[in-house]
Every structure is written in C-alpha cells, then in structure tokens.
Amino acid sequence: MSNRKSRPFASLIAQARFHLRWAWQELLQHRARTAATLFGVALAVAIVVSVRGFFAGYEVALRKSIASLGFEVLVTAKGCPYEAATLVLAGGKIPMYMDESFVREIGSRPDVAALTRLFLQSHSSDEERRTYFVMGIEPSFLKMKPWVKFQRGQWFSSEHAAETILGYNAASALRMDLGQEMSLPNVADKVRVVGILDRTGAQDDGAVFLPLEFAQKASDKKNKLTGVGVKIRDVEDLPRFIEEVQELPNIQVVTLSQARDQLLKLVSATRNLTLAVGMLGVIVAVAMVFNTVFMSVIERLRELGILKAIGASAARLFLVVVLESLLLCVSGVLLGFLLALSLSRLTEATMRWLLPYVPTGSVLRLDWGTFGQILAAGCALGVIACLLPALRAARTRPALTMRLYD
Amino acid sequence: MTEAAAGECFIEARELTREYRRKVELIHAVHEVSFTIGRGEHVVLFGPSGSGKTTLLQLLAGLDLPTHGAVLLRGRDLASFSEKELSIWRSREVGFVFQDFGVIRSLSALDNVRLPLILSPDGEGGASARATLERLGLADRLHHFPQQLSRGEQQRVAIARALIHSPSLLLADEPTASLDSASSAEVVGIFEELRAERNLTVIVATHDSSWIERADRCLYLDKGRLTRAGAA
C-alpha cells in the first residue's frame, strides 16, 4: 500500500501550482489581516535592506573616495583625529592651521615622492542654504591625480588670481559656466570660472577650487595651510615617516587607512542603531506572520480535518501551512525591496543628515546579492514563524475536529 | 444484493465500541456493534440523531479508533495501519461525503474536486475533474467558489470530489440532511446511478428514510447499539 509510484515532473509542477494558488486564495480570505501582515513584513524588510544597502555602499564609496585623493598621508596641525579624517574628505570649519615652514622640511625627506599644499574650507551661505567645499590648491594637486581631466577650460592664470575651477557637480548645482563670475561666502572678491573638471565620482565633483595663495589671502591666513597631502615613495617607509614627522611640533599625521577607519568607527553607532530598529521591525513582522498563520489554522480546523479525511497526510498539511507562511514572507520581501528602492533617495538624504560625512554620488547599493540574502532570510524566518501552527495543522485529528464543529 | 450475495467480505466491524468521557459521564457512542459488508453492497446506517451513526462511519474510515473491538479491511485490522498507511488508503480507496458538504471555501468547484488527486501520493489517476463535474450537471459552475453555489450544488461538488479518484468505498454522512426535498431526491438518484456504474461499496449514515428503499441492507442504530439488521 505504501509503494509510491514515481511521479512525472509535470505532475509535480502542476501540484506546486495548485498549492500556490490555494495558499494565495486562503490568504485572500482575510484581506485586511493579510494586508496588515504584508505591510509589517515589507516595512521591516525595507528598513533592513536600506540600512544594510546604505552601509555596504558607504564602505565601498569611502574606499573609492580615499583612493581618489591621490596621496596616502595627510599632514595636519594637531587636533581631533575625527576632525582630521573628515577634513581629508570633506573639509570643514576646523580652526587648526599649520605653518608653511614645515612643507620644505617634509618635502626634503628622501622617502617623500611628492606633496601638495592644501587649504580646505567649508563656507556656508545662509541665503542660498548651501555649503561650499572650497579647496585652495596648487598645480601639484592635479599632478597627483592624473585621472582628473578638464571637461572645459584650464588651470588658473596665476596663484593670486580671483579665479575658480569647479568640480562637475558643483558647476551643475551652481549653474555656472566658463567666464561667469560668482561670489563665495566669506570671500570679498568675486571669482571668475576658468575651468570645469570632468566627473570623477569622488569628492572633487562637489568642490570649488581656488588658487592656493588667493584662498589663503581671502581667509586672512597667509602662509597657513590646513594640510599637506604626501605621496610616499615606498609604502614600507610609511611607519618611519609617521614616527619622525609626528615629532615635529603641533603636527599630526593621518594616514588614509586611519581616516577611513576613523570615519567607519564614527558611523558605526548610527549603523548599529538603525539596524537595531530594523531588527525590532523584523521581530514584530515574525510575530505578525505567526499570528496570521496561527489564526488561519485555528479558523480552519474543520477544513483541515476534512482534508485528512479525504487523504491528506500530516506532512502534507504541514506543508500547506508552511507554504502559506512562505508566500506571505516572499511577498513581503518583494514589497519591502520595492519600498526600499522607491525610498532610496529619502534614505540617502536621511543618512546624509545623520552622518558627518557621506561620499558624493549615490551610496545606497541594492543589488541581486542583497536581494537573495534578504529573500533567504525571509524564507527562513517564515518557516520558523509558522512551525507551531504547521505542527498544529499536521496533528489535526479529523474525528475530533469534525465532531467539535458539527 | 444481500450480505451473503455480496460474497467477498470487504469491511467488517467486530464488537466495535467507542466511548467518550464528557466530564464524569461515560458516553457509549457505539456499543459492541458487529457486521460485515461485502464488495459492491449499498448499506444504510439508519437511526435518529445521536444514535452513533457518524461515530460508526468515522471508525469505518479509520478517522477514529475504537475503544474496544476492531474494523477489519479485507481481513486486516485498521488499528494496525500506520498514520501514513491510513492516509494513503483513504486517498486511494475511500470517498467521503459530509453532511455539510465539507467543501473548501478558498477553492473553486473544479479545484475542490481535484483535491483528492492533488493530495494523493500518486498525484494523478482517477477521472477528469471537469468531466466528473459535467457528469453531475455542474459544467457551468466549474470556476465558482462554494459561497457562489447553492447547497444542492455544493453537495454535488462534494460527491464529485468523493468520486474523482475512483474509490472502492464511498462513505456518506447524512448527505441529504442539509438539502431541500428536491435536492435530496437528486442526490439519492446520483448515488444510485454511480453505484450501478462503478460497483462501489456505499455506506450511508442517515435518518432520512428515503434512502432505505434504495439500499441492499439497512443497519438500525439506537443509542449506539445495533438494534436490527436486514435487507431493506
């Protein structure tokens, strides 16, 4: 009697389609309850996907931004390492300046391949509700970044000229073109646009570049620098370079890997907090799935008894309930992923508001790998959530349930 | 066809007893009932409400276990079947018609009828669900859900479901109790036709006397005891 005939593949497909349709119809019997559970699952998934996708993208974008700086070490005046890390990437109102006299000393070292003097400022304009990331640079800045090209225009006519070169995004955001003049907050003279850089996908895209000496003079910081970018000849020389330069008075050396680690440490608290909110959402969603499936089983005890009477095995009833839960979870994951996609701009804007530094461009990464992992996790949680109801269904005793409800 | 004429003993109840405890009171739903039913016989379990007909039917289908006694299927005690063997036996050889139809509300008429084939470990076989529904006059109701069908139509769906996998045993629990007289007569007629066509062993539990004249034999139950047995 228990000999089981081999079933053709087409029959299995037909069975699977039947069960899927049945599970869906069953969920539609209680539309409001199903919709509420789907929304709960989707919301939890959207939060987890967004947070996970953002911070995965954040690390990649941060590495890319740091690699695009063109130097390995930033020498700055002594101060907070977090500030220095942010300074490296996005500038800031940091009242710490180093004297240019150190540049010659550092540049004369045999282990230094190249260096560039930097005068970084960020100027906020309350009228325009805009923050300008202004960099005073010298020709060696572009020599250290051979991949940065002019889209149009050229280098400054002199180191004192009231001229500016705009990053690709800055030109677009400010709607400026070659030959036009613009005002900058805290800079008395108007500056004329002489060059616009091609897109780099890094922080340079959003920057406003000024000739170094003009920038120093405009801020009344003649012969002062916010930092010096240094390219080391041999990476093995880096520890000795750090050790010796750190001994100079009021000087600190920040390597780019340190800068990256400091920033990641800084954002980890935000990441953990938002992930905790997401996990709380997941726990609530699992409870909602459990409740929906358990209620469905309790309401259908008589039907389950009838199914057993007409030949359903305990394993089959178990699978029927698991399938309903899986359908609920998979639909919730799909909706959650769509929700995360549609709210990606809002997520980015919120994170930029929360975090001290976010690389330019779109950071949120929602790829097939993330989708696959979230889907697998959703299915696993769906099975866990329905285990008790499914066991209850499998253990249905037809005679008892039919008598109970007759 | 009488018990003797039926020849081969298909199913046998041997001193079958089923007791329940309701608080402190012991209820004898079925008490020391013995009979045999041959292959192809049409037997009516007749008695008033609460006489133990449904319990007896559930014992015969292996849906419940007796407190004492045994149900023998072709000589083998149903109590010796594993849960899995019982499921397979029911899915291959038993058709069940319930008093309140027992159709699944989330499935269309067609899917309700296909259900035993889907649940069967064989996964296929039996007649076409569409043809069976057409045979029972429901050709234009294939994709309707139970709530869109009349009670008579729902019962015909239940009968189609009970027959789709070509069972050898058809058990019906008060199949006309929820129907009006016209629908009842229709269902009785369908049972008679099907039995003639398929050599089914049919056991109907009912308190509707219109079934008695159509049956080969009638077993009269009262308070769980078999009070009389004989040709209808």
Side-chain angles (χ1 to χ4, degrees), chain A residues 1-31 34 296 299-320 323-324 394-406, chain B residues 18 20 29 49 54-55 57-59 61-65 73 76 81-108 110-112 114-125 145 147 158 161-162 164-165 167 171 173-174:
Chain A
M1 186 177 289
S2 62
N3 285 345
R4 190 176 169 143
K5 293 175 191 171
S6 60
R7 271 187 273 175
F9 184 66
S11 166
L12 286 174
I13 296 288
Q15 287 222 0
R17 284 179 58 190
F18 182 94
H19 278 294
L20 273 174
R21 196 171 64 239
W22 185 10
W24 187 243
Q25 290 290 353
E26 201 54 59
L27 289 173
L28 288 180
Q29 294 289 314
H30 298 278
R31 285 166 198 241
T34 301
S296 169
E299 287 161 1
R300 291 156 62 200
L301 279 178
R302 179 171 160 70
E303 275 192 8
L304 293 167
I306 286 165
L307 290 173
K308 262 207 169 167
I310 64 175
S313 64
R316 184 61 70 101
L317 293 186
F318 185 89
L319 282 176
V320 164
L323 198 62
E324 269 175 46
R395 287 176 182 164
T396 302
R397 291 178 62 188
L400 283 181
T401 49
M402 287 156 72
R403 190 175 303 126
L404 184 66
Y405 288 88
D406 270 339
Chain B
R18 183 64 171 103
Y20 303 105
S49 294
T54 299
T55 305
L57 216 54
Q58 289 178 345
L59 290 169
L63 298 175
D64 198 5
L65 289 174
L73 177 74
R76 187 180 166 194
F81 283 42
S82 68
E83 184 72 27
K84 191 177 174 186
E85 282 178 318
L86 276 174
S87 291
I88 293 170
W89 172 61
R90 284 197 291 263
S91 70
R92 286 182 181 161
E93 296 197 46
V94 183
F96 223 121
V97 179
F98 303 93
Q99 178 179 346
D100 64 348
F101 327 129
V103 285
I104 307 298
R105 69 207 152 103
S106 55
L107 293 177
S108 67
L110 191 61
D111 283 342
N112 259 291
R114 289 177 64 206
L115 204 47
L117 301 180
I118 294 290
L119 295 174
S120 162
D122 305 328
E124 53 189 337
F145 285 85
Q147 55 273 27
R161 185 180 67 188
I164 187 71
H165 53 305
L171 301 169
D173 184 13
E174 301 278 13

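- Atom CZ of R105(B) sits in a crowded spot, with more than 12 heavy atoms from other residues, nucleotides or ligands closer than 6.0 Å.
- Across all their heavy atoms, R316(A) and I118(B) have their closest contact at NH1-O, 2.8 Å.
- Contacts between R161(B) and chain A at a heavy-atom distance below 4.5 Å involve the side chain alone, from C-beta outward.
- Expressed to the nearest 0.5 Å, how far NZ of K308(A) lies from CG of L63(B) amounts to 10.0 Å.
- The shortest heavy-atom contact between S87(B) and A312(A) is OG-O, 3.6 Å.
- If you take CD1 on I310(A) and CG on L119(B), they are separated by 5.5 Å, rounding to the nearest 0.5 Å.
- Residues I306(A) and F96(B) form no side-chain contact, since every pair of their non-hydrogen atoms from C-beta on lies 4.5 Å or further apart.
- Of the two parts of Q29(A), only the side chain, counted from C-beta on, holds a non-hydrogen atom closer than 4.5 Å to a non-hydrogen atom of chain B.
- When every heavy atom of R397(A) is checked against every heavy atom of D64(B), the shortest pair comes out as NH2-OD1, 4.5 Å.
- If you measure heavy-atom distances from L28(A) to chain B, you find no contacts under 4.5 Å at all.
- Top candidate by heavy-atom pairs under 4.5 Å with chain A, chosen from S91(B), P167(B), A61(B), is S91(B).
- At a 4.5 Å heavy-atom cutoff, the contact between I104(B) and chain A is made by backbone and side-chain atoms alike.
- Chosen from L171(B), V94(B), D111(B), the residue pairing most often with chain A at heavy-atom distances under 4.5 Å is D111(B).
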